[in-house]
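These notes are about the structure you will find just below.
The sequence lines fix the lettering, A, B, ..., with proteins before strands; numbering per chain opens at 1.
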Amino acid sequence: MIEYLEQTVFITVFLFFGFLIYRRCKTIYRNILLGKKEYNSFNSKNEKMKNVLLLALGQKKMFKKIIPAILHLLIYIGFILINIEVLEIIIDGVFGTHRVFASIFNGSYHYIISFFEFLALLVIISCVFFLTRRNILKIDRFQKVELFGWPNLDANIILIAEIILMVAILTMNAADLSLQNINSTNYTKTGLFMFSNYLTPLLSDYGESKLIFIERSAWWIHIIGIFSFALYVTYSKHLHIFLAFPNTYYSNNDPLGKMKEMPEITSEINLMLGLSNSDEAKGSVINRFGAKDINDLSWKNLLDAYSCTECGRCTEECPANLTGKILSPRKIMMDTRDRAEEYGKILDQNGNPEIKNFLLDSYITREEINACTSCNACTEACPININPLEIILELRRYVALEESKAPNEWNMMFQNIETNFSPWKFPIEDRFKWNKENE
Amino acid sequence: MNSKTISIKELIESGNPPEILFWIGCAGSYDERYKKVTKSFVKILNELNINYGVLGKEEGCTGDPARRAGNEYLFQMQAINNINLLNTYNVKRIVTACPHCFNTIKNEYPALGGEYEVQHHSEFLEELINDGKIQIKKLKEKITYHDSCYLGRANNIYSAPRKVIDSLKSDLIEMKRNKQNGLCCGAGGAQMFKEAEDGKKSINIERIEEAIDTGATTIASACPFCLTMMSDGIKEKNQEENIRTKDIVEILAENIKSKKQN
């Protein structure tokens with residue numbers, strides 16, 4: 001029985017994390033689908049795949065900033081490839097084997113592991129670089145008010161966790177090599193690993209049992225670390241590592257200047273003009289015009305919010321934010337996600353989410369949405385095509401259409417258009433006067 | 001006198017329906033400064049004997065500022081009126097000097113039944129230049145070009161206005177933030193029609209400082225709102241005597257060789 005203890009513990013831990021992650025994913029999926037079911041992308045399948053390949057996989061838009069792009073790419077490649085080793089660890093954990101791939105890849109195994117170690121080293125360097133940029137160099141976009149508190153801590157936790165995971169791999173490998181050197185029974189010769197080899201002198205004072213303890217500890221830290229990280233990611237801003245793919249897939253290649261259509265208003269107008277009868281219009285039940293809360297937004301807006309990793313490239317380019325207005329497109333996305341989380345939690349407790357808080361006013365203020373110039377700098381800047389502008393404009397629609405509470409000057413502009421067909425108060429009679437004037 | 005500009009209604013009544021509709025826009029019709037841009041474009045159209053018409057008094061706001069300010073209802077009412085009018089006159093091709101009108105008619109009218117071939121004046125002028133239809137004098141001047149958001153990021157038109165400036169053989173000096181990364185003038189999204197929210201600085205001042213830094217003596221733009229914001233910025237910086245703010249078509253119209261001279 002005792003010989004199966006480690007395997008039993010491993011399988012239990014594996015299933016436990018698997019269950020927690022599954023449950024959390026289900027909640028996120030449910031929350032995203034709180035958004036309206038409407039579809040907003042008419043891209044062909046090819047265009048969709050092209051977006052995924054270029055933006056998510058290829059990280060094309062990241063390369064507008066070359067240094068972070070390279071560091072980000074290293075972490076990304078590192079994590080994907082090192083996951084092959086995680087597969088080995090899981091197989092070993094379940095079946096009680098040790099370095100099962102060593103016998104499969106035989107002579108080339110140590111090259112593969114050496115390559116992984118090389119990547120691990122690059123990941124560590126990149127993470128240290130990112131921590132420095134964030135906390136010591138204090139890059140502007142990481143010093144904005146919306147990041148104070150939890151978001152900043154969240155970012156640092158992720159970077160430090162990545163470093164710990166990589167250090168654990170290197171320690172595990174170094175201990176393994178040391179054990180191989182003293183011909184410990186379960187540690188079959190694999191050949192040298194390129195980087196952890198240099199760490200073995202640090203372990204030279206330890207005897208076999210201590211080395212096994214270190215090797216096993218590092219193994220467990222690494223794998224539990226990976227499981228915890230996977231679970232943590234679902235609660236953090238780091239979800240973009242998965243959601244960047246569906247988010248770019250479902251993003252829209254229409255010209256950025258085109259606003260979302262409102263067929264519900266068209267049918268109202270047709271009804272009023274007698275172009276359709278009320279039976280036709282009844283087909284769609286409209287809750288509200290525009291958006292007051294997250295369930296008035298589309299599911300894609302909510303997927304955007306869950307995909308946002310708070311990098312702040314949008315806010316950095318936003319003309320309103322640049323000139324000291326409180327609008328920050330990143331905050332729009334963070335607020336939308338926070339409200340979706342809150343909304344979901346209240347639903348889970350069988351409560352009514354629309355009593356106390358709403359996205360508008362409780363999270364996003366009118367001053368913020370009024371400050372937007374709709375210039376699309378934020379949407380252009382986002383590496384994974386998140387669209388904060390659409391949310392801002394949907395909120396404006398609610399304010400103007402449901403509450404008639406647009407800023408006074410806008411109401412005057414509306415009035416001018418209604419009476420003079422021009423946003424300025426000039427008489428219709430004068431519209432063609434320029435033709436009679438001299439140059 | 002621009003008496004050659006005739007409304008499409010009259011043209012159709014006299015049996016000469018025009019090939020192109022010049023959509024003037026509200027700024028081009030009423031704004032003292034932008035009327036000069038309208039007249040410059042008309043000068044070129046007339047000079048080249050282009051078969052065009054205008055809606056005249058019948059034209060109405062596309063609804064863009066209402067839509068961006070959230071009033072979808074008003075936008076659609078405007079759109080339906082304009083589309084009915086354009087369809088009645090069987091309009092197929094539209095050219096406009098306003099990127100906001102351009103964006104709305106091109107991208108947003110089709111969903112409401114208005115499908116036209118729409119060009120911004122920069123694209124139209126680029127075509128004329130490429131086809132060798134305009135004889136252009138050289139202009140020895142340093143020019144910087146300010147990208148309009150609704151032309152640039154919204155519709156990916158970056159090269160056409162630059163091509164117009166290039167045709168003058170002037171020095172085109174780019175600002176630090178240009179093309180996809182261009183900085184908004186501050187007037188889009190219906191900001192033109194209200195005071196800005198509290199902040200540390202006006203957006204147009206942020207932009208004009210960048211434009212002044214290029215050392216250019218002309219700041220070219222291709223949008224009525226941008227032109228207003230750039231001109232206001234220049235005034236505020238007391239640079240009116242050193243730097244001109246112009247629409248690209250004004251610069252071009254000032255420097256075409258008239259056929260009569262040839």
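Near-neighbour residues of residues 107-116 of chain B relative to chain A, defined by a heavy atom under 4.5 Å from a heavy atom of that chain, comprise B/Asn107, B/Glu108, B/Ala111, B/Leu112. Scanning residues 176-189 of chain B against chain A with a 4.5 Å non-hydrogen threshold yields B/Arg177, B/Gln180, B/Asn181, B/Leu183, B/Cys184, B/Gly186, B/Gly188, B/Gly189, sorted by number.
Expressed to the nearest 0.5 Å, how far CG of A/Asn252 lies from NZ of A/Lys260 amounts to 11.0 Å.
No hydrogens or angles considered: a donor-acceptor pair under 3.5 Å links the side chains of A/Lys61 and A/Asn385. With no hydrogens or angles considered, a side-chain donor-acceptor pair links A/Thr323 and A/Lys325 at under 3.5 Å. When only modelled atom types and interatomic distance are considered, B/Thr228 and B/Tyr34 share no side-chain donor-acceptor pair under 3.5 Å. In this structure, a donor-acceptor pair under 3.5 Å is present between the side chains of A/Asn376 and A/Thr379.
No part of B/Lys36 comes within reach of chain A, as not one of its non-hydrogen atoms sits under 4.5 angstrom from that chain. Both the backbone and the side chain of A/Glu429 come within contact range of chain B, each with at least one heavy atom under 4.5 Å from a heavy atom of that chain.
Under the 6.0 Å distance and 45° angle rule, B/Lys43 does not count as a cation-pi partner of B/Phe41.
Here the rule is side-chain contact (heavy atoms from CB on, under 4.5 Å) with B/Tyr52, and of B/Ile6, B/Val95, B/Thr5 only B/Thr5 fits it.
In this structure, A/Lys144 places its NZ atom where more than 12 heavy-atom neighbours from other residues, nucleotides or ligands lie under 6.0 Å away.
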